[in-house]
Amino acid sequence: MDLEIEQSPLESKFSAQLQDLMGQEEQICAMGPDYVQGARAQQAAATFAKVDELLAVETKRYFETQSRYNQQRWQSLFRRHAQEQARFHEELDARMRALARVDAEWAAYESRLKQEVDAAARARSARRTDAAPPEVADHGAAPRQWRDKEKQSRLVHTAPVFEPDAQQDGAMPKIAVSAATRAATSGSSATARSRARGRELRKGYAKALDRVEFQKANAKKWIHRQKTRMTIQIDACDPVCRFLAPGRRVLMASSERRRAYAAPLLAAVGLAGAAFLGAAYVSGARPAGNLLSLAADATSLRSATDVAPPQPRLIVQSEYEQRLGIPIGDGLYGHVNLVELHVKTRLTLAFPDARTEVNVGSIRWEIGGTDGAEGDLPSGRQVEARFVQLGLHRVAVKSESDVDYHFHVTARYVRREIRDLTDADRTRYLDALAIVYRTPQADGEKLYGSNFKSAAWLVREHLYGAADRSCDHWHDDAGFLNHHVAVTMQLEESLQAVDSKVASHYWDYTVDAVLGKNYSRSVFFDEAWFGDSSPAPEQDHVVNTGRWAYTPVLKGAEARAFSNITNPYGLLRSPWNTNPIPYLMRSKYTMGVEDALYQMPACADFQSTLTTSDLSFSAVSSELNGGLHGMVHIMLGGHWWANRTSFAARLADHVDDMRSSPHIADQFLLGSKFLWRQGFVHCPDTCDEGEDEQSCACNCPDAAIKGRSALDIFHLTGLLAIVPQIESILVKQIGFSYDEVLAEMCHVGHPGEMFTSAAPQDPIFWPLHGLSERFVQLIRLLAAKGVMTFDDAWEYTHITSVLSDTRVVCDWSAVEAEEAATGATNVFAKPECYQNTTCPGHKADDVLPFTGLSWATDVTFTNAQFYTAISPSNTNLPYVYDKLTTWPACVNRTIIPHEWQGTIDTLLDSELH
């Protein structure tokens, strides 16, 4: 009697309503992007959603029925247990190869398309304008339909897949000049004809790429649907596994074994998302088959007392896990058998206990994704390997006693606290980072490929977001986390272009918070690490010793050609930072006040946020912007060169008066930027190299002030309403006049890199932000496991009394339009500024500027999409963090409060067993 999972195509059992909707869906997909616009797009989305809903309901109902039927036939045992295990994994491997094939075909297709366009353009440039541009070359046989092997033998719902095809007739699109264009330009000059035909060529190319993107979007929709259906099918089969497991030799003898097979299969779909983008949807019937293919034979029946050998576990431990005693992510990640890329890893075959251990004899390990150093000779139950390929890999353990076991491992980069790295790995990381800082963008691309991003490139990207004249698109609102996670991903890909063994490691500065004011003694500020935290004024605040001595700032004509934003001296800095010295600079003094009265965020600060009742994304984002991270920028950047030296000295003498509100010393620079955006602070466009600093300083000219008093300016701009401590502390307690305060803000002064919009110019910028993402990953995983509640609605908790979180957006478009119309620059024109407004870049549906991330299935992301994509549960993410609950500076080395610890231990124990 056979145990049946499914013996007929599932679609034959779909309801008439679902079949009709699926037919509509296929017609919509066949229409192409030009048809699916406006109201049709909404109708199409509604149809797709309804199909998903009904498909899930009917799939669940069908497989639950099938599962109950299978339970009635439990008497069948299985003669080909080991063979079925092997076949299952072989077909999983075949699927991964098929996904890679899809990726390769799309890449080849788009490459051919680009080559043809380039060829046509070259022909046009050669003035062959009277003849038709070359037609598409013959690429061999017409694209053929293909189906991978697994689709023919397994119920894995995807539509049949065509090779990449931007036209419905199966041919490559012909991008050529139309007869109409030839006729319209026949009497024109050769130049006019060439330009017109060039425009049509580019238009045709863009349209072809639009068709490609439309197909990719459909493919992604099918991937998500496939993952959902596969999850439902596995869950529906689970009762059979639980029912048959006790005392019988079955394919999946426990929930742990089910996870060992089902989870990698589901993960494979996610991991291959980028490769599978090319799978264009085409309608068609799905083949019959079953997921587990559990064969049985009546002659193999055995008594209920004949218990099968117990299933072993695969235990994986990297050298770091062995040395530190901490599993990757403290065991919270849901990835199957998580292993660390490029680090020697021990794999152990472990049975539940010595009493149940089976003598399997000599063992041969077959491990995918490694450098091959483990060899292929027979060995014992333990072997060491080094995984070098990102993704999901198979581990087969074969014994001479004909008992085979199959597992999967998930290989990821592991971002580690820099202090935990071995000396060799830390040197690799710092060396790669130094290359990013010392290599120009063009040279880096030639040497290391398109993923290389120079430090100047990354600084420019940060400047474009944070030094915009209208508002700050990256900071002090809900988009802070996304922007900094994404730019760190770009840095990490650049590091790995230089050295594939490197990850973007992080700095747990709560460890250094324990040192209080002596945090600068931290090993992080050793010359061999990140250098002096506060070089002396006599050194012009320049980091001038160690690895980062005289780290250059891009300058002059090269900087002006590279970036639309520079300072007056042509340095790649904020336009209001008129510092002419072209090197990395730091100071722990802000307007003469040590550390601006701030302290390094401590474990208690993070723990307080973590244990907040009704914790929300809104609150966490706000804390990360400020109290958990922002002050480190100020403490390492600093701000000097006051309008009057006596002003800073006087401010420092009244530190005790400022303790009631620490947001004082740092508000001068923030106030300068606030007034600059509103058109009151003016900075020179250009200054000659060697020009006196004072003549190149920013100021508030009379033509901008127009006779207003300082107090009038503070009221008019809203500055005093945001920072009332200007009046209550600076004026009333310390005794400054409003004119003196305004004069300092108009002068701006010189901030260090970390306290500016060019903060990535300082290499310590990168490990600083890793701690924020690590903290958010911990929160999201704990919430997903039910340990805590977390409202991740896209909102932001604004704070008061700081001139960074102003909610003021200034619109310069009218000024720019007038200047474009008149051809004259109106230096003293003012923008239209709006209060209580969200700066673009922070709303849920705002599109982020980051494209081309190698792991991503989307070319671009909105904030909401990216936040979903960086979930620690996303199998596409190429990295994880070394530890999540372990924080060495916390009591008992854990950030988890005592009352949560039992729940977490129970969860981890249940997942292990």
Surrounding CG of Asn892 (heavy atoms of other residues, nucleotides or ligands, distance under 6.0 Å), is the total greater than 12?
no
Please check this pair: side chain of Thr756 against backbone of Glu753, looking for a donor-acceptor N/O pair closer than 3.5 Å.
yes
Given the rule in the ring-ring contact (aromatic ring centres under 6.0 Å, His included) test, do Phe850 and Phe866 qualify, once you have shown the distances and angles that lead to the verdict?
CA-CA 10 Å; Phe850 309 98; Phe866 190 75; 7.0 Å; no
How many angstroms lie between CG in Leu877 and OH in Tyr333, if you round to the nearest 0.5 Å?
9.0 Å
Does the side chain of Tyr519 come under 3.5 Å of the side chain of Asp595 through a donor N or O and an acceptor N or O?
yes
Test log, rule ring-ring contact (aromatic ring centres under 6.0 Å, His included), inputs His462 and His475
CA-CA 10 Å; His462 196 273; His475 303 88; 5.1 Å; yes
State whether the number of non-hydrogen atoms from other residues, nucleotides or ligands found under 6.0 Å of Glu366 atom CD is greater than 12.
yes
Could you grab the distance from atom OG1 of Thr551 to atom CE of Met585, nearest 0.5 Å is fine?
12.5 Å
Cation-pi geometry met for Arg419 and Trp529 (6.0 Å, 45°):
no
May I ask you to check whether over 12 heavy atoms, not counting those of Arg521, lie within 6.0 Å of atom CZ?
no
For Leu884 against Gly329, the heavy-atom pair lying closest together
CD1-O, 3.7 Å
Exactly one of Phe861, Phe480, Phe617 clears ring-ring contact (aromatic ring centres under 6.0 Å, His included) with Tyr867, and that residue is Phe617
Hey, what's the ring geometry for His842 with His483, parallel, tilted or perpendicular (30° and 60° as the breaks)?
tilted
Are there over 12 heavy-atom neighbours, none belonging to Glu558, within less than 6.0 Å of that residue's CD?
no
Measure the acute angle between the ring planes of Phe524 and Phe530, then classify it against the limits of 30° and 60° as parallel, tilted or perpendicular.
parallel
Hey, what do you get for CH2 (Trp507) to CD1 (Ile418), rounding to the nearest 0.5 Å?
9.5 Å
Using the side chain to side chain donor-acceptor pair (under 3.5 Å) rule, pick out the option among Arg386, Arg412, Gln317, Arg416 that qualifies with Glu340.
Arg416
With no hydrogens and no angle check, do the side chains of Tyr583 and Asp540 hold a donor and an acceptor under 3.5 Å apart?
no
For a 4.5 angstrom cut-off between non-hydrogen side-chain atoms, does Ile895 reach Phe775?
yes
How many angstroms lie between atom NZ of Lys453 and atom CD of Glu493, to the nearest 0.5 angstrom?
7.5 Å
Would you call the rings of Tyr437 and Trp548 parallel, tilted or perpendicular, taking 30° and 60° as the class edges?
perpendicular
Hey, mind stepping through Val498 and Asp431 against side chain to side chain contact (heavy atoms under 4.5 Å, CB included) and telling me if it holds?
CA-CA 9 Å; Val498 174; Asp431 285 349; over 6 Å; no
Measuring centre to centre across the rings, with the benzene-like ring taken for any Trp, is His633 within less than 6.0 Å of His769?
yes
Does the cation-pi check pass for Arg415 over Tyr879, that is, NZ or CZ under 6.0 Å from the six-membered ring centre and within 45° of its axis?
yes
Looking at Phe606, Tyr881, Tyr509, which one forms a ring-ring contact (aromatic ring centres under 6.0 Å, His included) with Trp887?
Phe606
Starting at CG of Leu848, measure out to OG1 of Thr862 and round the result to the nearest 0.5 Å.
7.0 Å
